[in-house]
Amino acid sequence: MAEDAKWYVVHTYSGYENTVSASILKSAENRHMEDLILEVKIPMESVTEHTDKGDKTYDRKIFPGYVLVKMILTDDTWHIIRNARGSTGFVAMDGKPVPLTEEEVLSLGVERHEIVTGFNLGDTVKVTEGPLEGFLGTVDELEPEKDRVRVIVSMFGRETPVDLDMDQIESVKED
């Protein structure tokens with residue numbers, strides 16, 4: 001029976017994703033319908049922010065206001081989803097829930113990893129470590145996946161590109 005299960009998208013009130021997920025799972029357990037409602041997922045991504053004070057990693061919702069449910073659609077499972085606290089119902093067409101394919105679920109990027117650097121191209125930064133410590137420069141290229149940045153530094157009257165680690169620079173607040 002589990003091979004008949006399909007993924008459906010459930011719309012929630014903003015910030016109620018965890019409540020809806022827990023409510024669906026609890027209702028399925030209380031009604032002994034774990035064989036019909038197999039899985040509930042809140043698509044999340046891990047984000048790493050590079051800041052002056054070090055790296056900070058946290059999870060955030062990819063699609064706020066939505067929950068994915070792998071289930072076999074019956075009148076009873078439809079009722080559980082519709083009556084879950086915080087749920088506004090299925091994403092549907094002509095009133096009928098539209099199932100997603102496994103490929104669509106995988107393409108939603110449930111396992112994505114995004115890196116936020118805290119620096120943008122063109123930002124003025126100060127070199128904090130290494131032989132160029134104290135020099136000011138402009139961010140020319142970012143490679144967050146390699147934890148590297150290219151900064152254009154003015155040395156001896158010439159613009160010189162320098163590759164540095166993210167932790168070797170800090171933002172300069174321009175007033």
Side-chain angles (χ1 to χ4, degrees), residues 6-26 38-70 84-91 98-175:
K6 297 194 182 322
W7 285 98
Y8 294 90
V9 180
V10 178
H11 191 260
T12 71
Y13 291 124
S14 181
Y16 276 77
E17 299 87 357
N18 294 333
T19 304
V20 169
S21 174
S23 178
I24 291 169
L25 291 172
K26 189 67 174 168
L38 305 174
E39 209 173 334
V40 179
K41 283 193 179 222
I42 302 169
M44 302 288 279
E45 65 185 344
S46 180
V47 178
T48 303
E49 261 187 57
H50 296 290
T51 65
D52 296 342
K53 295 181 173 105
D55 292 350
K56 182 175 124 182
T57 302
Y58 57 92
D59 290 334
R60 73 175 174 204
K61 295 175 182 80
I62 297 173
F63 302 111
Y66 295 94
V67 173
L68 301 177
V69 181
K70 187 171 188 174
R85 184 170 173 262
S87 167
T88 62
F90 289 98
V91 171
V98 179
L100 300 174
T101 65
E102 289 288 335
E103 292 77 27
E104 287 173 322
V105 172
L106 292 174
S107 73
L108 289 176
V110 175
E111 296 295 321
R112 289 191 339 205
H113 184 80
E114 179 182 334
I115 300 173
V116 179
T117 63
F119 302 108
N120 293 312
L121 296 178
D123 284 358
T124 301
V125 294
K126 180 180 180 181
V127 180
T128 58
E129 292 180 12
L132 300 176
E133 185 175 339
F135 276 78
L136 294 179
T138 305
V139 176
D140 184 51
E141 186 178 314
L142 290 166
E143 293 182 82
E145 62 281 346
K146 294 181 182 176
D147 200 35
R148 305 283 295 166
V149 62
R150 175 170 287 152
V151 177
I152 303 295
V153 178
S154 180
M155 293 189 325
F156 311 116
R158 299 182 113 174
E159 301 282 303
T160 307
V162 181
D163 289 329
L164 300 166
D165 290 334
M166 292 275 186
D167 61 357
Q168 289 182 289
I169 61 173
E170 66 182 26
S171 292
V172 174
K173 306 293 182 237
E174 296 179 22
D175 296 324

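In what follows, every heavy atom counts, from backbone to side chain, and hydrogens, waters and symmetry copies are set aside.
- Shortest non-hydrogen contact noted between Asp59 and Ser46 is OD1-CA, 3.5 Å.
- Every pair passing side-chain hydrogen bond (donor to acceptor under 3.5 Å, both in side chains) that includes a residue from residues 129-141 is listed here, sequence neighbours excluded: Glu141-Arg150.
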Stepwise side chain to side chain contact (heavy atoms under 4.5 Å, CB included) test for Glu17 and Phe63: CA-CA 10 Å; Glu17 299 87 357; Phe63 302 111; over 6 Å; no

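- By the side chain to side chain contact (heavy atoms under 4.5 Å, CB included) test, Asn120 is found to be paired with Asp123, residues two or more places apart in sequence or in another chain being considered.
- A 4.5 Å side-chain heavy-atom check between Val125 and Phe119 finds at least one atom pair inside the cut-off.
- The two residues Ile24 and Ala84 have their closest heavy-atom pair at CG1-CB, 3.9 Å.
- Under the 4.5 Å side-chain criterion, counting only non-hydrogen atoms from C-beta, Lys41 is in contact with Trp7.
- For Ser154, the side chain to side chain contact (heavy atoms under 4.5 Å, CB included) criterion is met by Glu159, not counting sequence neighbours.
- Surrounding NZ of Lys61 are more than 12 heavy atoms belonging to other residues, nucleotides or ligands, all under 6.0 Å away.
- Shortest non-hydrogen contact noted between Gly86 and Val20 is C-CG2, 3.4 Å.
- Leu164 contributes atom CG, which lies 11.0 Å from atom CG of Asp147 (distance to the nearest 0.5 angstrom).
- Applying the ring-ring contact (aromatic ring centres under 6.0 Å, His included) rule to Tyr66 yields the partners His11; only residues at least two apart in sequence or on another chain are considered.
- With sequence neighbours excluded, no residue forms a salt bridge (charged side-chain N to carboxylate O under 4.0 Å, His left out) with Lys26.
- At least one side-chain heavy atom of Leu68 sits less than 4.5 Å from a side-chain heavy atom of Val9.
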Could you tabulate the donor-acceptor pairs under 3.5 Å formed by side-chain atoms of residues 165-172, not counting sequence neighbours?
unit_1: Asp165; atom_1: OD1; unit_2: Arg148; atom_2: NH1; d: 2.6
unit_1: Gln168; atom_1: OE1; unit_2: Asp165; atom_2: N; d: 2.8

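- The two atoms that bring Ser87 and Val10 nearest to each other are OG-CG1, 3.5 Å, heavy atoms only.
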Step-by-step side chain to side chain contact (heavy atoms under 4.5 Å, CB included) determination, Lys6 to Lys70: CA-CA 5 Å; Lys6 297 194 182 322; Lys70 187 171 188 174; over 6 Å; no

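- Distance check: Leu136 CG to Thr124 OG1 gives 7.5 Å after rounding to the nearest 0.5 Å.
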